[in-house]
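Just so it is clear: chains get the letters A, B, ... in the order the sequence lines come, proteins before strands, and each one is counted from 1.
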There are 2 protein chains.
Amino acid sequence: MARRPTIADVAQRAGVSRSSVSFALNNRPGLAEETRARILAAAEELGWRPSRPAQALSLGRAGALGLVLTREPDLIGADPFYPAFTAGIESVLSERGDGLVLHVTSADREKSLYERLAADRRVDGVLLTDLRVDDPRPALTASLGLPTVVVGRAEWAGGHCAVELDDEPAYVAAVRALAEAGHRRIAHVEGPREYRHAARRRRAWERTLEELALPPGPLRPGGFTAEGGARATRELLALDEPPTAIVYGNDLAATAGLAVAHELGVPVPGRLSVVGYDDTPLAQYTHPPLASARADARGWGEAAARALGAVIADGAAPDVVLPPAAFLPRASIGPAPAAGNARPGAIRPATVPDVHLSE
Amino acid sequence: MARRPTIADVAQRAGVSRSSVSFALNNRPGLAEETRARILAAAEELGWRPSRPAQALSLGRAGALGLVLTREPDLIGADPFYPAFTAGIESVLSERGDGLVLHVTSADREKSLYERLAADRRVDGVLLTDLRVDDPRPALTASLGLPTVVVGRAEWAGGHCAVELDDEPAYVAAVRALAEAGHRRIAHVEGPREYRHAARRRRAWERTLEELALPPGPLRPGGFTAEGGARATRELLALDEPPTAIVYGNDLAATAGLAVAHELGVPVPGRLSVVGYDDTPLAQYTHPPLASARADARGWGEAAARALGAVIADGAAPDVVLPPAAFLPRASIGPAPAAGNARPGAIRPATVPDVHLSE
DNA sequence: TGCCGTCACTAAATCGGTTTAGACGCGCTT
DNA sequence: AAGCGCGTCTAAACCGATTTAGTGACGGCA
């Protein structure tokens, strides 16, 4: 295998200096059109592309973004978010010929990983996802001088640029839709408390019940997992007054919940309405199809990558607010069962003020 | 933000030359123990780590592996394989402080992406996954001189090192288990034909039926998707003689199939047995729990990363064969319904030769 | 004719590491 | 006293790009 050509080879072949090749490549002014063409032709013939490490060293930028996943592997596995999100990132990076450096780690090694990332100069900046309560990362990357974009709400960002795609409206809409369908006992199976988005979903549920003057519904931990969703559902359905609707933190837990309902002979939506979140590929094909909410993970990735690019280039970038996830009613929700003490129709859509909940 | 320290800063602080710092860092012989300690202390105090781009340029290796996903984004989304696989890769790379560069692309841009990867020198080698029939990539990376490990069978590898984790035995076991349970009409919902693993799964099903002297079962495309799985199931159950068991190409299609069976009032496993593949986190929590097969994706990632490291270092590495995926019988399979023309017990386990199918 | 400004291009420094060849001091032989 | 070998350390080249300062040719103008 022949040694890969360098800029010197191109220069020699075109009969110019290395500087001229560089000028031609980055089409900067000051080269005769004919010379430029000759250089580019030579580069083409040799199949030359500038070496990334050399460019990185020279330019002082790596040409790559970092993404660290701190979720536990099996939590990641079931989540359709990351693949779509990284596809969105990639679509932006590929325009610039940049790359995405992915790391999967656990919470205990997380800190040293970011430190390495910063000291290494292997990436020019990082995207922070899955923000936790009291998340140390925004302050950490700030102190490391590592350009950062937070994927989530601005108030989680600790001064960094934030790219937000709100999941609250979908939860508000789901609870309202259930209330309008006559449900009065609406439960929530929440995700891990340490995640800010899980907490935000729980609060959206909580406050919407309040706003609608409905009694606070039962709450169970579901951990965003199938197992947690199944257990929580079992507990909820075993209550003296079981809920007539359950809003889950994600589709995985909701789908497991559906299975438990089937197993216990509880018809859905006849006796129980079910709502998930994520709109996994499976959601339309469960039985019955699962009401859920779709966030544009790909668009989120795109926006985040673009924002981080701006932060790296300009030192800062304005926050971005993407359209919130849309609630997708499907056949897993229906009117509250008559047997319950819900009074269908008692709450009229028009009487419900359309306020936007904020944290 | 202070400029990040360089090797020169460390050298100055320790009162030595830059070369000595390099020697100390890479603990090479020829430095007095005391000097080495002083240098390392200075590096520690300054929080210095060698710049990756500089090292890459100097050493001629990027210190990173490349992984290109050519699947369509929504196909990727539902697949638990990649997150676990990348976690496995990472666990190997992090030992060496190396990185994983991830690209998501579409089939039409795939070729130029690999070319860029090779010319760029951003990665030292690539892992090839999801091999297709007549896949151009093994030959492409070979011609580009890009160290390559194929994640799959050696005969797909076109001369590259292969890391294999066979899914055939799980399919053979599943079909046999069904046959032993008296099933005679065993259908298959296959994945996209262009994927070699999908084709291999189909053949395993086909040949096992043959070996057991069972009639060839009906076959439907499922595309590894929920939608395809649902449609295929609908078609199969509408046959004049519907199958009493369906073996799906993956859990996603199988789960959608379960939902269709419910919807049509076909009891599982009463009238239909169902088998998936992947053992997604949901599989244990469907209703009934889904028989499936578990491949150690994380271990696969580890082995692949290690093998690629060896290929990069030594120019070649022996193929690796990992333990095959294990068939996991669960409640979604049961005895063939008596109404069918299956004859439970007609086929005795002992009479079934335990041959291993090969392609 | 001499001076100046432009245009097209190049030499050399630079980024931050690694590595090779060699310098220097010291104690031992002979 | 000269020579040798060894242990320790450094100067300088090198990786492959970018960039700055500057060179040389040429045309216009006084």
Side-chain angles (χ1 to χ4, degrees), chain A residues 2-40 42-43 46-64 97-98 116 118-124, chain B residues 2-40 42-43 46-64 97-98 116 118-124:
Chain A
R3 189 181 51 82
R4 232 162 281 267
T6 76
I7 197 172
D9 300 319
V10 178
Q12 188 174 28
R13 182 170 243 265
V16 296
S17 70
R18 299 186 302 150
S19 347
S20 296
V21 177
S22 178
F23 276 46
L25 176 71
N26 303 297
N27 43 26
R28 294 160 58 122
L31 274 190
E33 217 26 77
E34 187 270 330
T35 314
R36 181 185 310 278
R38 185 156 39 89
I39 293 173
L40 293 180
L46 292 176
W48 173 75
R49 289 191 178 246
S51 142
R52 278 300 188 157
Q55 268 187 331
L57 180 59
S58 191
L59 295 175
R61 18 168 270 109
D98 286 348
R116 212 184 75 196
D120 253 349
R121 316 223 118 245
R122 190 204 289 283
V123 300
D124 299 315
Chain B
R3 191 179 51 80
R4 233 162 281 267
T6 75
I7 197 172
D9 300 319
V10 178
Q12 188 175 28
R13 181 170 245 263
V16 296
S17 71
R18 298 186 304 150
S19 348
S20 296
V21 177
S22 178
F23 276 48
L25 177 71
N26 302 296
N27 44 24
R28 294 161 59 121
L31 275 191
E33 219 24 80
E34 187 269 331
T35 314
R36 182 185 309 278
R38 185 157 38 91
I39 293 173
L40 293 180
L46 292 176
W48 174 76
R49 290 192 176 246
S51 142
R52 277 299 185 158
Q55 266 187 332
L57 180 59
S58 190
L59 296 174
R61 17 168 269 110
D98 285 350
R116 213 184 73 197
D120 253 351
R121 319 224 111 234
R122 190 204 290 283
V123 299
D124 300 315

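The side chain of Arg28(B) has dT19(C) as its nearest neighbour among dT20(D), dT18(D), dT19(C). Considering only side-chain atoms of Leu57(A), the nucleotide from dC15(C), dT10(D), dT20(D) that sits closest is dC15(C). Nearest nucleotide to the side chain of Phe23(B), out of dA8(C), dT18(C), dT20(C): dT20(C).
Taking only side-chain nitrogens and oxygens, Gln55(B) comes nearer than 4.0 Å to OP1 or OP2 of dT18(C). For Trp48(A) and dG16(D), the shortest distance from a side-chain N or O to OP1 or OP2 is not below 4.0 Å.
A donor and an acceptor atom sit less than 3.5 Å apart, one in the side chain of Ser58(B) and one in the base of dG17(C). Applying the 3.5 Å distance criterion, the base of dA11(C) shares a donor-acceptor pair with the side chain of Ser19(A). A donor N or O paired with an acceptor N or O is not found under 3.5 Å between the base of dG16(C) and the side-chain atoms of Arg18(B).
Of the charged side-chain nitrogens involved, at least one lies within less than 4.0 Å of a carboxylate oxygen, so that Asp98(B) and Arg52(B) count as a salt-bridged pair.
Residue order along DNA chain D, read from the 5' end via each residue's closest nucleotide, puts Val16(B) first among Ala54(B) and Val16(B). Positionally, the nearest nucleotide of DNA chain C for Thr35(A) lies more toward the 5' end than for the other of Ile7(B) and Thr35(A).
Residue contacts shown for Ser22(A) include a base, since a base heavy atom lies under 4.0 Å away.
In this structure, CZ of Arg3(A) is placed 11 Å from C1' of dG16(D), rounded to the nearest angstrom.
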